[in-house]
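Whatever order the structure lists them in is the order used to number ligands and atoms, beginning at 1.
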Amino acid sequence: MPAYRHLSALLGPAPRAAASALRRVSAASAIAVALLAGMSCAPSGGIVGEEDAVLTSPPNVPPPITRRNATKVVVRLETREVTQRLADGVDYTFWTFGGTVPGSFMRVRQGDLVEFHLANHPSSANPHNIDLHAVTGPGGGAGASLVSPGTEATFTFEALNPGLYVYHCATAPVGMHIANGMYGLILVEPPGGLPAVDREYYIAQGEFYTRGGFGAAGHQSFDMAKAIDENPPYVLFNGSVGALTGDNSLKAEVGETVRLYVGNGGPNLISSFHVIGEIFDKVHVEGGSLINENVQTTLIPAGGAAVVEFKLETAGTFLLVDHSIFRTFNKGALGMIAVSGAADSSVFSGRIGEGVYRPEGSAVQTSPNGTAAAPRATTPAQQVAFGERVYGRTCAACHQPQGQGIPLVFPPLAGSDYLNANPTRAIAAVLNGLSGPITVNGTTYNSVMPGLALSDDDVANVLTYVYSQWGNNRTVVSPAQVRAVRAAGGPKANADAH
Ligand SMILES: [Cu+2]
């Protein structure tokens, strides 16, 4: 029906009442009705054909829909309970749609008839179901899809409204199923599709309520009291610390336009989604049809989504964050887009000037308490292994991942004569913080390192790790030595420098 498609493209989607009226009559008479009534056409003709949905794991997105008719789309999704990495040295038993957090991404077209099959793997310990926010109908499909382990349920719905929608498990206790990772996104494309872009990626934020604090090692169970208090140790993109950093960074090239489909599973927190060093050229606000432009930070409600698009004008690493910023630096909500290609110095110059600025009054600051006790290491090799984790989450932000420091700001730990000359002084620096002038490998630093509120074991392990790396002298630091320095109280590290 080329004539019909042409009209539909010109006139745009019909109001829902018109759409449902039109579904009951043939396409040909529907056009006549619509034209006579002076209304626009329904977005689709009747259902033509049938296909299996392409489902993808995060951060991948199925290809755009190119067909210009509505069809019957068969979705087969499986709920599975899997124990996987939450952070280095930390495991969690996730409840999933399709084996990943967030669950598989689905992509359909407005007007499609979706035949949804939900299967619960026989190894599951719990019943599950699915509430899709793209569904118009009671429970979003929850009641129709409830499946105990080893069973499958089927229901159908028509994708009436275009947009980016969250889906989630809605089996009691609902919050616990969501907190364990049962959420994902379904995109309902408008009939004409979305404008072409160079890359599309799938991201979802969610919190994890573990019994232990951030980084506490071993298998962590769900903590209902913390969930009720809305006080999560972890706030993450795509279900684990580092899911979108380092080798897992999203990739793009200068000159490309990137579209991110961003969901927020919650269960409790609102996301202030921001990309450091980029401005969103377009935001499909709340995943709907309203497009805002030139946005710095977009709010994504729990159980909501947004589509953000930006063109990459220059090269570098751009950080995805929740701008409720302690979540990024202390709870894991960090992702990266690695943009390759030629940097454009007219867009951004990089550092072109440098000097010393030293106002009065800088002093040793102390980080708040609350670091969970590390597991006991019994050999130097274990100390190095545990210490590497402490280093990654506590020291690397300033001293850099390879201990190289940052000129004039953070002294190097790699091959540091200050460090290698005196372990007691290094212990005191980590326990109490350090300020005032110090000389490292012939360069003077005069800055402030905060006291870090680490346990004796963590301090011993992290320093043993640092001494074992980057050409340092392999000193092994014991918890007893740390205890002794702590008991001595002060003096501050630089007071006992020779
Ligand atoms: Cu569930």
Side-chain angles (χ1 to χ4, degrees), residues 53 55-58 75-86 91-106 114-135 137-157 165-186 202-211 219-228 230 232 234-240 243 263-269 301-305:
L55 304 186
T56 58
S57 300
V75 176
R76 294 180 189 280
L77 191 61
E78 183 189 54
T79 57
R80 256 187 291 159
E81 301 171 7
V82 292
T83 299
Q84 287 172 177
R85 177 185 168 283
L86 179 68
D91 283 340
Y92 191 80
T93 301
F94 297 93
W95 299 352
T96 73
F97 287 106
T100 57
V101 179
S104 308
F105 195 104
M106 302 165 214
V114 182
E115 182 181 287
F116 205 102
H117 299 254
L118 189 70
N120 189 355
H121 195 275
S123 67
S124 295
N126 303 277
H128 299 293
N129 64 9
I130 192 165
D131 168 351
L132 298 122
H133 293 179
V135 165
S145 61
L146 184 65
V147 276
S148 51
T151 67
E152 176 180 334
T154 306
F155 65 101
T156 68
F157 69 93
Y165 296 94
V166 165
Y167 67 81
H168 61 87
C169 186
T171 305
V174 177
M176 181 179 179
H177 284 250
I178 296 175
N180 283 341
M182 298 198 81
Y183 47 83
L185 292 179
I186 177 170
Y202 169 26
I203 300 167
Q205 181 169 326
E207 320 96 63
F208 291 87
Y209 297 89
T210 49
R211 186 63 50 84
H219 184 272
Q220 292 293 323
S221 55
F222 170 74
D223 188 318
M224 188 60 132
K226 285 183 187 165
I228 293 168
E230 306 189 10
Y234 293 87
V235 181
L236 300 176
F237 296 124
N238 289 6
S240 65
N264 183 5
N268 290 316
L269 302 183

Asks: Does the separation of the ring centres of Tyr167 and Phe97 fall below 6.0 angstrom?
Replies: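 Here the rings of Phe97 and Tyr167 have centres that are less than 6.0 Å from each other.
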Asks: Any side-chain donor paired with an acceptor under 3.5 Å for Asn180 and Tyr92?
Replies: yes
Asks: Is the distance from the Cu ion (ligand 1) to the nearest N/O/S atom of Met182 under 2.8 Å?
Replies: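 A backbone or side-chain N, O or S atom of Met182 is under 2.8 Å from the Cu ion (ligand 1).
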Asks: For the Cu ion (ligand 1), find the closest N/O/S atom belonging to His128 and write down its atom name.
Replies: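 Result for His128 and the Cu ion (ligand 1): ND1.
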Asks: Among the N/O/S atoms of His177, select the one at the shortest distance from the Cu ion (ligand 1) and name it.
Replies: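 Among the N, O or S atoms of His177, the one closest to the Cu ion (ligand 1) is ND1.
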Asks: If I compare all heavy atoms of Tyr183 with all of Ile178, which pair ends up nearest, and what's the gap?
Replies: CE2-O, 3.3 Å
Asks: Between His168 and His133, is the ring centre distance below 6.0 Å?
Replies: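 Close enough - the centres of the two rings lie under 6.0 Å apart.
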